[in-house]
Amino acid sequence: MSPALLRPPEAGVIEEARVRQRRQRGAAALIALALIVGSLAFYVATRHDGSHRGTGATAPTAGQAFATTPYMGVACGVPNWIGCDRVGLSVTLRRPARSVNATVAGSSFALRDPRWSGPTHDGRRRTFAGFLQPAGLVGRLGVKPLPGQRWLGAGTPEPLVTFTIAYGSARRETVRARVPLMAGWG
């Protein structure tokens, strides 16, 4: 064997290799951190939880928000009578929420009637119902009554209703849907 092969490696060469390894590990850690931060930023920018703060976020459709079609009907307590000018509106959501507000023909109201809304679990529910009075049945909604302030549902109006759904933690969704007005409630 040659004497050059029997010599121990110089301490400087080993130390240089260790420095290179540390640099490579540091660079790999920075790249991994950048990927994690980038992924989180992408998630926040494109999430559809109702905050709509991200780029490209779209409002959910009625089919995405509601488990069933919203129901709206004249709620005067007397069949086919519209004299009280009151409507009931109910929705069942796909996922529980803290509150739902609706705007019908320019009038806003909360869907929180305790008799008609579903039970709460941890402050959230899936079924919400409420009443709007005066509803503007003849003026704003376009109901054409029969004599005696009766309406049988002819020429059913389908106003555009705006629902604001609050899920909590400042997360909200706005959903718009045409909801036909029925002649009766309950």
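Small disclaimer: the values here were computed from a predicted structure and weren't measured.
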Subject >> Heavy-atom closest pair, residues Val175 and Ala65 >> reply: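 Nearest heavy atoms, Val175 then Ala65: CG2-CB, 3.7 Å.
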Original post:
Looking only at heavy atoms, what is the nearest atom pair of Arg98 and Gly123, with distance?
Top reply: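 That closest heavy-atom pairing would be NH1-O, 3.6 Å.
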**OP:** Please indicate whether Arg112 has more than 12 foreign heavy atoms, meaning atoms of other residues, nucleotides or ligands, lying under 6.0 Å from its CZ.
**Re:**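 At most 12 heavy atoms, drawn from other residues, nucleotides or ligands, come within 6.0 Å of this atom.
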How would you list all residue pairs meeting disulfide bond (SG atoms under 2.5 Å apart) that involve [range], not counting sequence neighbours?
range: residues 86-138; answer: none
range: residues 89-179; answer: none
range: residues 89-121; answer: none
range: residues 60-134; answer: Cys76-Cys84

**OP:** Flag yes if Trp151 and Val138 sit in one hydrophobic cluster, no otherwise; membership is Ile, Leu, Val, Met, Phe, Trp, Tyr, and two members link when side-chain heavy atoms are under 4.5 Å apart.
**Re:**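 Yes, Trp151 connects to Val138 through the hydrophobic network.
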**OP:** Find out if a path of hydrophobic residues (ILVMFWY) with successive side-chain heavy-atom gaps under 4.5 Å connects Val74 to Phe109.
**Re:**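 Yes, same cluster.
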Counterpart residues, side-chain contact (heavy atoms from CB on, under 4.5 Å), relative to [X] (two or more places apart):
X: Ala97; result: Leu93, Phe128, Ile165, Tyr167
X: Arg140; result: Ala105, Ser107
X: Thr127; result: Thr92

Name every donor-acceptor pair, under 3.5 Å, that has one atom in a side chain of residues 155-162 and the other anywhere in the protein, sequence neighbours excluded.
residue, atom, partner, partner atom, Å
Thr156, OG1, Gly153, O, 2.7

Give, for atom [atom1] of [X] and atom [atom2] of [Y], the distance between the pair rounded to the nearest 0.5 Å.
X: Arg125; Y: Leu111; atom1: CZ; atom2: CG; result: 10.5 Å
X: Arg94; Y: Gln64; atom1: CZ; atom2: CD; result: 8.5 Å
X: Ile82; Y: Leu137; atom1: CD1; atom2: CG; result: 5.5 Å

Subject >> Val104 side chain near Leu141 side chain, heavy-atom distance below 4.5 Å >> reply: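 Counting from C-beta outward, Val104 and Leu141 do come under 4.5 Å.
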Original post:
Taking the six-membered ring for Trp, are Trp185 and Phe131 parallel (under 30°), tilted (30 to 60°) or perpendicular (over 60°)?
Top reply: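 Perpendicular: the ring planes of Trp185 and Phe131 meet at over 60°.
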Original post:
With sequence neighbours left out, what residues match Thr103 under side-chain hydrogen bond (donor to acceptor under 3.5 Å, both in side chains)?
Top reply: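 Checked Thr103 against side-chain hydrogen bond (donor to acceptor under 3.5 Å, both in side chains); matches are Ser108.
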Original post:
Of all residues at least two apart in sequence or in a different chain, which pass the side-chain hydrogen bond (donor to acceptor under 3.5 Å, both in side chains) check with Arg178?
Top reply: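 Expected list: none.
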Is it true that a side-chain atom of [X] and a backbone atom of [Y] form a donor plus acceptor pair closer than 3.5 Å?
X: Arg86; Y: Ala75; answer: yes
X: Asp85; Y: Pro134; answer: no
X: Asp113; Y: Arg115; answer: yes

Subject >> Residues that Phe66 engages under ring-ring contact (aromatic ring centres under 6.0 Å, His included), provided they are two or more places apart >> reply: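 Phe66 satisfies ring-ring contact (aromatic ring centres under 6.0 Å, His included) with Phe163 only.
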Donor-acceptor contacts, no H, no angles, side chain residues 142-150, under 3.5 Å, sequence neighbours left out:
residue, atom, partner, partner atom, Å
Arg150, NH1, Pro79, O, 3.0

